[in-house]
Amino acid sequence: MAEPAWNAAYGNLPKRVVVTLFVVVALLVTLAPFFILFGNSLRPSDEFMSENAGLWPSQLTFEYYADVLSTNGSTFRILLNSIIVTTATTIVSVTAGCLLAYGLARLRLPFRLSTVIGLTFLVVRFYPKIAIAIPYFVLMRDFGLRDTYAAVVIAHVSMTLPVVVWLMLSFFEDFPRQIEQSAMMDGCGLLRRFFSIVLPLTTPAIATAALLTAFFSWNEFLFASAVGPLNAKTLPVAISAFITDKGTVWGQMSAMGTIIVLPVMVLALIAQRYLVRGLTAGAVKG
Amino acid sequence: MAGLVLKNVWKKFGGVVAVKSLDLEIKDREFVSFLGPSGCGKTTTLNMIAGLETPTEGEILMEGRDLTKVPPRLRNLAMVFQGYALYPHLTVADNIAFALKVRNMDRAEIDKRVANAAEKLELKEVLGRYPRQLSGGQRQRVALGRAFVRDPHVFLLDEPLSNLDAVLRVQTRVELKRLFADLDTTAIYVTHDQAEAMTMSDRIAVFRSGVLQQFATPLDIYRNPANRFVATFVGSPPMSVVEGMVDGGGNLQALGASIALPESVRQSLASGTRYDIGFRAEDLTLAAGGQVKMRVDLIEHLGALTIVHLSSPAGRLIAQSSPTEAARAGDMVSVHFDPQMLYVFDREGGTSIVTPGRSKVN
């Protein structure tokens, strides 16, 4: 009799127990911070400093959410800022990144310039971000862009563009040459070929690139706080304001944290099919 | 429809010469095949005509116009790719209509042309489907349809049948021949299958290692090959080649026998020189009183005919016999041939010295 597929894939009982344990531990490590964050956002204030408090609050309160969402509408303003910055970063980064990657993948530049240019993009990932935070702040101040959306978006684009370029580069390099040649024979120039043929066929990769960019921009704190402290304040920057000279405002901070995390988690869940396909494509050719 | 001229075309990939000093003139409305083993430069040549590769040197002219620097999209050539290269995200109808849409053709005209092509290629039922939902044969027809709707100057076909199974390939070959006979247009067909080249072409260009070996009609290629490579590459079963020498008496010493040569053959050969002697399988008959005695090694019954592999200490031959051939492996048989039908090649360079085509003319 044939064994069920799961049995064949994961072996006998002890082996399956070990595998399951590993998964459970990994899940705990990953999800524990969210669990605690969510718990804290519902915990009455007297429980925060209590030594007897459990991981989950004994009583639930929604006062922090009410407080955070009603502070003269400033949270909505900050939420809007985050949405604007994230959307703009994603659009600019993905559009520019796709075009760049396509160019690098297709242009036959002399002296292996494509590789050199590609590697140059990676340099951005080599040093700690804080190393350029101050120079960047000075640069934006001199350009008169301090505390504008543009300053935050430019910072975020500069950090996400390399990721988009590298992700898309591998996709475009694996893209079947004959399909593009076929489009050339059918009368397409470079742009038509890119937009009518290549782009629709690389949607999973583009969706992945867009999601990774959006997640980064949504969560980024350092540069957002350096160049957009007031008018362009985003949610992560707003959270830091709960650490005051009089102490940390745990409840409100956790509520705000949950508000930041929820859309990202929901989006990731909806898009997980694309994400997996996008991140693993090219590794195994289907 | 247009004629094409390739003048001293070279293509080098780094230090590798893919196509070497190619001169070729393809006439208007001619069906030409590029034939050769893989890596011989035939697809590179096709790609240069298409504009997908740029020649390192030389010119490609269409109707007297220099195409060498013209991008593919402006050449108005249609190409059928080996892997079909259909657009996976478009339906069959959209795949066929794509090139017309790119040219901003009138919607009604596009619909008319797509319907026509679908009718001709029996694709009416699958117009709404996506390429992944089609069989290999259907995909192949969509690729053809995409080329047919365009009314191009020249059709370029890169091994269009190589992905089909044997039965479908022969069937499609016949259909293709019929389609192109109707179209009456210039076409270049790249293949490594000599049967396709022989059956479909007006003329065949045989390539080897980037060098054009011969450009001639199928029968000329077969009966008057330019050299040993062309002679052995074209023909199934392949031509047998053995070593031979003309003696002082004007007889050919080969396969351990002395063979009398007709004047037309002898006059081209020098006595005392060694040559490569080629025999086509169908020119050899197993019959009493033949010129050479050989042992039967192997018999292959193909139904319509029988292939007999023969050997002697002096060499091997492949003969074609009738399906009722009585000889068995191990038998000694007498092999007869008409010396007029011999092929003689220079041993060093392989150039043809005597071919039945030339012997008959002389």
Side-chain angles (χ1 to χ4, degrees), chain A residues 94 98-99 101-103 105-116 168 170-210 273-274 277-278 280-282 284-286, chain B residues 13-14 43 46-54 70-91 94-105 130-132 139 142-160 163:
Chain A
V94 171
C98 283
L99 291 171
Y102 186 66
R106 284 294 172 260
L107 286 179
R108 289 179 213 169
L109 297 173
F111 314 118
R112 303 174 62 86
L113 267 181
S114 295
T115 318
V116 175
M168 294 313 296
S170 63
F171 265 88
F172 291 140
E173 277 174 348
D174 286 347
F175 193 86
R177 283 292 278 166
Q178 277 202 344
I179 291 185
E180 274 187 82
Q181 290 181 333
S182 180
M184 285 157 84
M185 298 305 295
D186 276 346
C188 294
L190 185 70
L191 286 181
R192 181 80 191 244
R193 205 163 96 210
F194 181 70
F195 286 108
S196 294
I197 302 296
V198 179
L199 219 51
L201 290 171
T202 31
T203 323
I206 293 166
T208 307
R273 204 163 55 97
Y274 270 123
R277 226 198 299 170
T280 56
V284 182
K285 284 199 179 169
Chain B
F13 295 104
T43 297
L46 190 79
N47 284 343
M48 285 193 284
I49 295 172
L52 300 173
E53 298 281 0
T54 315
V70 177
R73 69 195 162 93
L74 301 178
R75 295 192 184 197
N76 194 23
L77 312 174
M79 187 153 169
V80 176
F81 290 86
Q82 187 174 2
Y84 314 141
L86 302 180
Y87 308 124
H89 61 303
L90 300 180
T91 60
D94 287 337
N95 259 286
I96 297 176
F98 184 77
L100 308 178
K101 284 183 186 160
V102 171
R103 282 174 176 69
N104 291 322
M105 194 179 270
Y130 287 92
R132 61 175 180 275
R139 282 181 207 180
V142 176
L144 284 172
R146 240 172 21 169
F148 284 157
V149 286
R150 284 190 34 201
D151 202 10
H153 291 318
V154 180
F155 280 96
L156 308 174
L157 302 110
D158 185 6
E159 310 216 10
N163 285 1

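Here the structure is a predicted model, which is why all the values come from computation and not from measurement. In what follows, chains are A, B, ... by sequence order, proteins preceding strands, each numbered from 1. Because only heavy atoms are used, hydrogens play no part in the values below, and waters and symmetry mates are left out as well, while side chains stay in.
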A/L201 versus chain B, heavy atoms under 4.5 Å apart: side chain, backbone, both or neither?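 For A/L201, the contact with chain B is made by the side chain alone.
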Once salt bridge (Lys or Arg N to Asp or Glu O under 4.0 Å) is applied, what residue pairs with a partner in residues 181-191 of chain A remain, sequence neighbours excluded?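 Found A/D186-B/R150.
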With ring pair (Phe, Tyr, Trp, His ring centres under 6.0 Å) as the test, pick out the partner of A/Y102 among A/F172, A/F195, A/F171.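 Option passing the ring pair (Phe, Tyr, Trp, His ring centres under 6.0 Å) with A/Y102: A/F172.
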Answer with side chain, backbone, both or neither: which region of B/L156 has an atom nearer than 4.5 Å to a non-hydrogen atom of chain A?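 Side chain only.
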Roughly how far apart are B/L46 CG and B/L52 CG, rounded to 0.5 Å?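 It comes to 8.5 Å.
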For A/F175, which residues count as a ring-ring contact (aromatic ring centres under 6.0 Å, His included) partner, sequence neighbours excluded?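 Applying ring-ring contact (aromatic ring centres under 6.0 Å, His included) to A/F175 gives none.
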Heavy atoms only, distances under 4.5 angstrom: which of A/G187, A/A183, A/P176, A/G189 has the most pairs with chain B? Name it, please.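 Result: the option with the highest number of such pairs is A/G187.
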